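What follows is a set of notes on a single structure, which appears directly below.
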Amino acid sequence: PGWLLRRHALHPLTGEMLKPYISLQLHRFFSFHAFLSFYNIVKFHFLSVFLFFFHFMGQSPSTSVPSPDINRRDVSNINRFGYGYGDSSDDFNGGSRRDYTDEIPDECLAGILQFLDAGDRKNCSVVSRRWLRVEGESRQRLSLNAEAKLLDFVPSLFARFDSVSKLALRCNRKSTSVNDDAMILISLRCKNLTRLKLRGCREITEIGMLGLAKNCKNLKKLSIVSCLFGVKGIHAVVYNSDVIEELSVKRLRGDNDEDGESVYGNGCSSLKSICLKELANGHSFMQLIIGSKKLQTLKLIGCVGNWDLTLGTVGKLNTLVEIHLEKVQVSDVGLVGVSKCLKLETLHLVKTPECSDAGLVAVAERCKMLKKLHIDGWRTNRIGDDGLISVAKNCPKLQELVLIAMYPTSLSLVEIASSCQGLERFALCGIGTVTDADIECLAAKCIALKKLCIKGCPVSNVGIAAFASGCPNLVKLKVRKCVKVTGEIAGWMRVRRSSLAFNFDHNQVEGLDGSGSDVGVQETTMAFPPIDNEVNLIDDSPSTSNNSNNNDNRWSMFRSKFNFVPCAFRRWTNIDTIS
């Protein structure tokens, strides 16, 4: 029947094609109706003969027999939860059938759809008109291709998705993006918008951002990437919003504003997080940073200019708990300003070559609440033992420490292991001065340590073996690019401490960059490889051809010596894709 094909072309939850299910239902449908028709005909003729016999014999049946109804069937116990078997008369006559999903409340159906991804939700929306309506009303996240032609579809699109609170508009470089008219129209349709991300929307100006601020009063998070409006466009949103909490700006291509103070005035009273990335006019945001009285997180990544003056006045903000400084021009003067943030808990100093031990000592002596510290020395050797020893002595609440491309000695490493009793996560990447004795000290004294990463360090099996009995709370150990560590230690550790997740990189590499990041050919990472790493060149299994044996042996030798094919596939499959 047509209704069966239309209504059951897709599964109501997964959206998958149900051809086997359709065939089964069709078989049941026709078999059942054929049986009922044959049964009713036989019953009708039997009763007719029975009544005719009693009529001519001058007798009547002891009980009255109702006239049979060939349309009357009892299918209450046959597939009660299937489709098309609810009301038999309607099904037989081609009328409407009972849909048991109609008994699910809209709120419950919306809750079920929340567990599905975007593709499955799209498939579910074509099951029925009700599912289409519920799916549109319950969708809160929406990502759109923000080309100019989107303007024609805005009314109908947001008439269906009228509950969207998180919206992303993305446009590639080769296309023309939406303009101010589309931005204002979208803001009028999305009154409940709380998060907005604009990426590559080069046609939107300050006018469109001002319309957004006036229409979307509940906007809390704003992310701008590769747009052409200047700082005034950001100000149009920040200054006209009382609830915005997070601001992220990356590669803003607009012109610099001459007077930042006149633009921002006293800053924003609700901002809690500011992230500036790859900006040539980052200093235009200085007054916004200083004037945000509730600011808790500040991230400066790859911004041009000297930031010592800005960070020198950041100490006035007693609410700052997290600061990220990466690839920016900051010296010890800026770190002295950071040290005024007495509630600071997280500090990242990544590739800031002008920072030295003096600035880190100032931060450690005043920021007693420090819990997370990441330092990438970039092989400059300006931060060493003095700064790390001060951190170990003055920051008793330190829980996470990451050291990259530095030259600390046993003096600072032993002090960290002895003083930082609450240290739970520790990473040593590209540290050329660490020894097996230092690793053994960490294993013996870091009682609370849970995760440890050793990468590109001159340690051997002796140092790694110390974790077979040390660090009782250790749950994950990662060893990579340590040329002196062999594969035998993995099997040995598996036997001695089976509960430990040991992630070991068996292969060797020629070099490591200053940041300790992965470069060149990536290696095969394995957990607990076999102890026996020798290659068996003799095929003990019976074969029919000597040539096949030789080819297999050669392939085994090739794989054991040059194990790069699996890692290449692993690298390709791990690449993140965005649709």
Side-chain angles (χ1 to χ4, degrees), residues 194-196 198 206 209-210 212-214 216-225 227 229-252 254-326 328-330 333-348 363 366-367:
T194 59
R195 297 185 183 182
L196 176 63
L198 302 178
E206 292 83 354
M209 300 303 293
L210 181 61
L212 170 68
K214 291 183 177 180
C216 299
K217 296 296 183 179
N218 298 322
L219 190 64
K220 294 183 178 181
K221 296 183 180 181
L222 176 63
S223 177
I224 307 295
V225 181
C227 294
F229 53 83
V231 182
K232 291 183 179 180
I234 305 296
H235 158 258
V237 178
V238 173
Y239 184 77
N240 291 279
S241 177
D242 296 330
V243 297
I244 189 167
E245 297 178 353
E246 297 185 15
L247 174 64
S248 178
V249 183
K250 182 178 181 180
R251 291 195 298 268
L252 193 64
D255 297 332
N256 296 338
D257 294 289
E258 297 294 337
D259 190 0
E261 184 174 1
S262 62
V263 171
Y264 288 110
N266 295 326
C268 181
S269 59
S270 60
L271 266 179
K272 296 181 180 180
S273 175
I274 297 178
C275 179
L276 306 179
K277 296 182 180 181
E278 303 176 17
L279 297 181
N281 57 343
H283 287 285
S284 300
F285 293 88
M286 183 176 64
Q287 293 298 327
L288 175 64
I289 296 174
I290 299 173
S292 300
K293 304 302 181 182
K294 296 182 180 180
L295 191 63
Q296 298 179 0
T297 302
L298 176 62
K299 297 181 181 180
L300 304 176
I301 302 174
C303 297
V304 179
N306 193 323
W307 290 89
D308 285 340
L309 179 60
T310 302
L311 295 176
T313 56
V314 159
K316 299 178 181 179
L317 304 175
N318 296 325
T319 57
L320 267 176
V321 296
E322 183 177 357
I323 296 179
H324 289 224
L325 303 175
E326 180 176 350
V328 293
Q329 186 178 353
V330 177
V333 177
L335 291 183
V336 172
V338 172
S339 66
K340 299 177 183 178
C341 303
L342 303 181
K343 297 182 180 180
L344 189 65
E345 297 180 359
T346 302
L347 176 62
H348 288 209
V363 173
R366 302 192 64 179
C367 301

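Side chains included, hydrogens not; waters and symmetry mates left out as well; all remaining heavy atoms used. Values in this document were obtained by computation on a predicted structure and should not be read as measured data.
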To the nearest 0.5 Å, tell me how far Leu317 CG sits from Leu298 CG. 8.5 Å

Could you measure the distance from the NZ atom of Lys343 to the CD atom of Glu322? Nearest 0.5 Å is fine. 15.5 Å

So do the side chains of Leu344 and Val321 get within less than 4.5 Å of each other, counting heavy atoms only? no

Check: Thr310 main-chain N/O paired with Thr313 side-chain donor or acceptor under 3.5 Å: yes

Going by heavy atoms in the side chains, are Lys220 and Ile244 under 4.5 Å from each other? no

Under the side chain to side chain donor-acceptor pair (under 3.5 Å) rule, what do Glu326 and His324 come out as? Steps first, then yes or no, please. CA-CA 6 Å; Glu326 180 176 350; His324 289 224; over 6 Å; no

Ile224/Phe229 under side chain to side chain contact (heavy atoms under 4.5 Å, CB included): CA gap, chis, key distance, verdict: CA-CA 10 Å; Ile224 307 295; Phe229 53 83; 3.6 Å; yes

How far does CG of Leu271 sit from CG of Leu222, to the nearest 0.5 angstrom? 9.5 Å

Side chain to side chain contact (heavy atoms under 4.5 Å, CB included) for Lys293 and Leu295? Distances and angles first, verdict last. CA-CA 6 Å; Lys293 304 302 181 182; Leu295 191 63; over 6 Å; no

Here the pair of heavy atoms bringing Ser339 nearest to Val363 is CB-CA, 3.8 Å

Nearest-0.5 Å distance that lies between atom CD1 in Ile289 and atom CG in Leu320: 9.5 Å

Short N-O contact, Glu206 and Lys232, less than 4.0 angstrom: no

Any idea which heavy atoms bring Asn318 and Gly315 closest together, and the distance? OD1-O, 3.7 Å

Taking C-beta and beyond as the side chain, do Ile301 and Val328 meet within less than 4.5 Å on heavy atoms? no

When rounded to the nearest 0.5 angstrom, what distance separates NE2 in His235 from CG in Leu210? 9.5 Å

For a quick test of reading the model, state the closest non-hydrogen atom pair linking Met209 to Leu198 and the distance between them. SD-CD1, 3.8 Å

On a heavy-atom basis, the closest approach of Gly334 and Leu311 is O-CB, 3.7 Å

Any idea which heavy atoms bring Leu219 and Lys221 closest together, and the distance? CD1-O, 3.7 Å

Are Cys303 and Leu276 close enough that some pair of their side-chain heavy atoms sits under 4.5 Å apart? yes

For Leu252 and Ile234, which heavy atoms make the closest approach, and how far apart are they? CD2-CG1, 4.2 Å

Could you tell me if the side chain of Val231 sits less than 4.5 Å from the side chain of Phe285, heavy atoms only? yes

Please check if the side chain of Ser292 supplies one atom and the backbone of Leu288 the other of a donor-acceptor pair under 3.5 Å. yes

Can any side-chain N or O of His283 pair as donor or acceptor with the backbone N or O of Asn306 at less than 3.5 Å? yes

Output the distance between atom CG (Leu347) and atom SG (Cys367), rounded to the nearest 0.5 Å. 7.5 Å

